[in-house]
Amino acid sequence: MDVYVRQNDSLWYYSQLFKLHYQLIIDSNGGIDPQSLMIGQKLKIPGFTSTAYKIKQGDSLWGIAKARNLSLDALLVVNPSLNPNALQVGQTIFVPVRITWRLIQGSQKYDYETLLTDVGRLKSIYPFIQTSPIGDTVLNRNIPEVLIGQGEKRVHYNGSFHGNEWITTPVIMTFLNDYLLAITNQTDIRGLSLFPYYQQTLLSIVPMVNPDGVELVQNGPPANEPLRAQLVKWNNGSEDFSGWKANINGVDLNDQFPAKWEMEQARNMVNDPGPANYSGKGPLTEPEAIAMANLTRKRDFARVLAFHTQGEVVFWGFEDMEPPESETIVNEFARVSGYEPVKSVDSYAGYKDWYIQDWRTPGFTVELGKGTNPLPISQFDEIYQKSLGIFLAGLYI
């Protein structure tokens with residue numbers, strides 16, 4: 001929501017007027033000097049929108065504000081040219097509305113366009129978050145990253161490395177939405193006040209690592225030839241792509257990292273592109289994997305959580321290279337979710353594996369839900385409630 005600076009206004013005053021943390025208003029107006037505001041300057045107030053209201057007979061600004069639990073000045077600051085003593089029937093004013101509900105509808109088919117729309121909506125209402133692409137897919141789709149928080153501890157969450165595990169994306173986006181609601185409304189989640197974690201932590205989220213694969217699973221192959229025919233051939237002649245894990249090149253992105261890649265290739269014994277388990281011609285050949293590797297090097301995360309499906313387990317080790325605190329963290333994940341901690345399995349070349357190997361800091365693969373991929377969206381609420389503790393613990397422990 002936009003407001004326009006008046007004489008003697010300050011960001012601190014706006015924080016009191018709208019019952020918001022001062023830091024969120026600072027962070028929503030990057031590049032603005034709080035000590036040098038100018039009359040008429042437009043500023044953003046996070047966690048609010050405004051709605052048009054048409055004046056009726058008998059209305060007063062005081063009555064309109066009281067009915068909506070607002071102060072009179074909250075109305076005046078979003079209507080800078082309004083004369084409160086000369087209201088006219090039929091006149092349109094703007095009324096601030098505090099956002100107290102989720103913008104994300106996670107329990108639905110959730111494709112790439114839905115993700116882009118939702119990231120844009122969140123950025124509009126919560127301008128203190130930062131959004132930018134980390135790179136492009138094979139089909140030149142941007143891979144968005146969302147950053148939230150101002151702290152020195154750098155934490156990363158990602159989802160949808162595999163196309164048929166797309167339910168991880170709305171789960172992550174729902175957590176992001178709940179986090180934003182909690183810090184702008186000064187409410188808690190499971191007894192935790194989250195604003196201190198906003199101050200302490202920079203959370204990086206890549207909700208959909210593999211947009212091309214998600215689109216293939218949900219909406220079928222693209223119409224253009226020869227790509228369509230090639231994909232059907234790789235899919236064993238079937239036009240049902242619901243089980244497709246790979247990117248659009250038929251490469252499994254979570255077998256693309258230089259952490260004993262040769263052993264994973266030998267273990268899979270898949271030598272050609274297809275729906276699953278083809279490691280590619282070498283590590284980090286696919287643009288999506290390269291983008292994730294570059295992001296991880298750039299951000300130098302203190303820990304990473306890669307969300308997959310399924311099994312309700314958390315994998316936390318790799319070749320005994322993980323630090324001792326990984327076990328402490330995974331035990332907390334298990335406590336708050338009921339998921340089983342598993343140190344290692346006969347698998348290599350995953351994002352978590354490479355991260356542990358190269359950084360020697362805690363990395364985790366969280367397998368959400370149970371069943372056969374793709375998990376039905378009917379499981380969404382149960383998956384979210386069980387995993388919510390893990391999302392929170394990733395910030396506080």
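Judged by distance alone, the side chain of Glu322 and the main-chain N or O of Gly317 form no donor-acceptor pair under 3.5 Å. For Trp316 (side chain) and Asn331 (main-chain N/O), no donor-acceptor pair under 3.5 Å exists by modelled atom type. Between the Asn373 side chain and the Asn164 main chain, no donor and acceptor come within less than 3.5 Å of each other. Here the side chain of Thr168 pairs a donor or acceptor atom with the backbone of Ser160 at under 3.5 angstrom. The main-chain N or O of Ser279 is never found under 3.5 Å from a side-chain atom of Gln265 such that the two would form a donor-acceptor pair.
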For residues 30-43, run the donor-acceptor check on the side chains, cut-off 3.5 Å, and write out each pair with its distance to 0.1 Å, sequence neighbours left out.
from  : atom 1 : to    : atom 2 : distance (Å)
Asp33 : OD1    : Gln35 : N      : 2.9
Asp33 : OD2    : Ser36 : OG     : 3.1
Gln41 : OE1    : Met38 : N      : 2.9

Identify every side-chain donor-acceptor pair in residues 191-200 under 3.5 Å, counting partners at least two apart or on other chains, and give the distances.
from   : atom 1 : to     : atom 2 : distance (Å)
Tyr198 : OH     : Asp27  : OD2    : 2.6
Gln200 : NE2    : Pro196 : O      : 3.4

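A salt bridge does not link Glu288 with Arg141: every distance from a Lys NZ or Arg NE/NH1/NH2 to an Asp or Glu carboxylate oxygen is 4.0 Å or more. Arg6 and Asp73 are joined by a salt bridge, as a carboxylate oxygen and a charged side-chain nitrogen come within less than 4.0 angstrom of each other.
The ring-ring contact (aromatic ring centres under 6.0 Å, His included) contacts involving residues 76-101 comprise nothing, where partners must be two or more places apart or lie in separate chains.
Nearest heavy atoms, Ala74 versus Pro96: O-CG, 3.5 Å. Residues Leu231 and Pro222 come closest through the heavy atom pair CD1-CD, 3.8 Å. For the pair Thr361 and Ile356, the tightest heavy-atom approach, listed with the atom from each and the gap, is O-CG1, 3.8 Å. Taking each heavy atom of Lys370 and Gln310 in turn, the nearest pair found is CA-OE1, 3.9 Å. Contact between Pro80 and Tyr4 at its shortest, heavy atoms only, is CG-CD1, 3.7 Å.
Residues Asp240 and Ser242 bring a donor and an acceptor atom of their side chains to less than 3.5 Å of each other. There is no side-chain donor-acceptor pair under 3.5 Å between Thr365 and Tyr351. Under the 3.5 Å distance criterion, with hydrogens and angles disregarded, no donor-acceptor pair is assigned to the side chains of Tyr14 and Asn29. For Asn185 and Thr100, the side-chain atoms include no donor-acceptor pair closer than 3.5 Å. Residues Asp300 and Trp359 have side chains that bring a donor and an acceptor to within less than 3.5 angstrom of each other. A donor atom on one side chain and an acceptor atom on the other are not found under 3.5 Å apart for Ser344 and Glu319. Using modelled atom types and a 3.5 Å distance limit, the side chains of Asp252 and His162 yield a donor-acceptor pair. In this model, a donor atom of one side chain and an acceptor atom of the other lie less than 3.5 Å apart for Thr114 and Asp111.
Ring pair Tyr179/Tyr126: centre-to-centre distance not below 6.0 Å.
Cluster membership check: Ile104 shares its hydrophobic cluster with Leu388, using side-chain heavy-atom separations under 4.5 Å among Ile, Leu, Val, Met, Phe, Trp and Tyr. Taken together through direct or relayed side-chain contacts under 4.5 Å among Ile, Leu, Val, Met, Phe, Trp and Tyr, Trp354 and Trp261 form parts of separate hydrophobic clusters. In the hydrophobic clustering of ILVMFWY residues, with side-chain heavy atoms under 4.5 Å counting as a link, Tyr339 and Phe333 come out together.
The ring pair (Phe, Tyr, Trp, His ring centres under 6.0 Å) test with Tyr157 singles out one residue from Phe301, Phe364, Phe391, and that residue is Phe391. A side chain to side chain donor-acceptor pair (under 3.5 Å) with His308 holds for exactly one of Lys352, Glu165, Glu367; it is Glu165.
When side chains are defined from C-beta on, Phe161 counts as touching Met292, because their heavy atoms get closer than 4.5 Å. Counting heavy atoms from C-beta outward, Val77 and Leu17 have side chains that approach closer than 4.5 Å.
Counted within 6.0 Å of NZ on Lys19, heavy atoms from surrounding residues, nucleotides or ligands total 12 or fewer; the atom is thus considered open. Counting heavy-atom neighbours within 6.0 Å of Lys66 NZ, excluding the residue itself, gives a total of 12 or less. Counting heavy atoms of neighbouring residues, nucleotides and ligands inside a 6.0 Å radius, atom CG of Asn69 does not exceed 12 of them. Remark: Glu152 CD is loosely packed, at most 12 non-hydrogen atoms of other residues, nucleotides or ligands lying under 6.0 Å away.
Here Val251 is tied into one hydrophobic group with Val270, Tyr278, each link being a pair of ILVMFWY side chains closer than 4.5 Å. Apart from Leu87 itself, the hydrophobic cluster it occupies contains Tyr53, Ile55, Leu61, Ile64, Leu70, Leu72, Leu75, Leu76, Leu82, Ile93, Val95, where clustering links Ile, Leu, Val, Met, Phe, Trp and Tyr at side-chain heavy-atom distances under 4.5 Å.
Listed by chain and number, the residues in a ring-ring contact (aromatic ring centres under 6.0 Å, His included) with Tyr22 are Trp12 (sequence neighbours excluded).
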| message | The test is salt bridge (charged side-chain N to carboxylate O under 4.0 Å, His left out); show your working for Lys260 and Asp353 and say whether it passes. | response | CA-CA 9 Å; Lys260 301 198 171 182; Asp353 305 332; over 6 Å; no

| Step by step, would you call Arg299 with Glu145 a salt bridge (charged side-chain N to carboxylate O under 4.0 Å, His left out)? | CA-CA 12 Å; Arg299 297 272 183 240; Glu145 179 195 30; 2.8 Å; yes

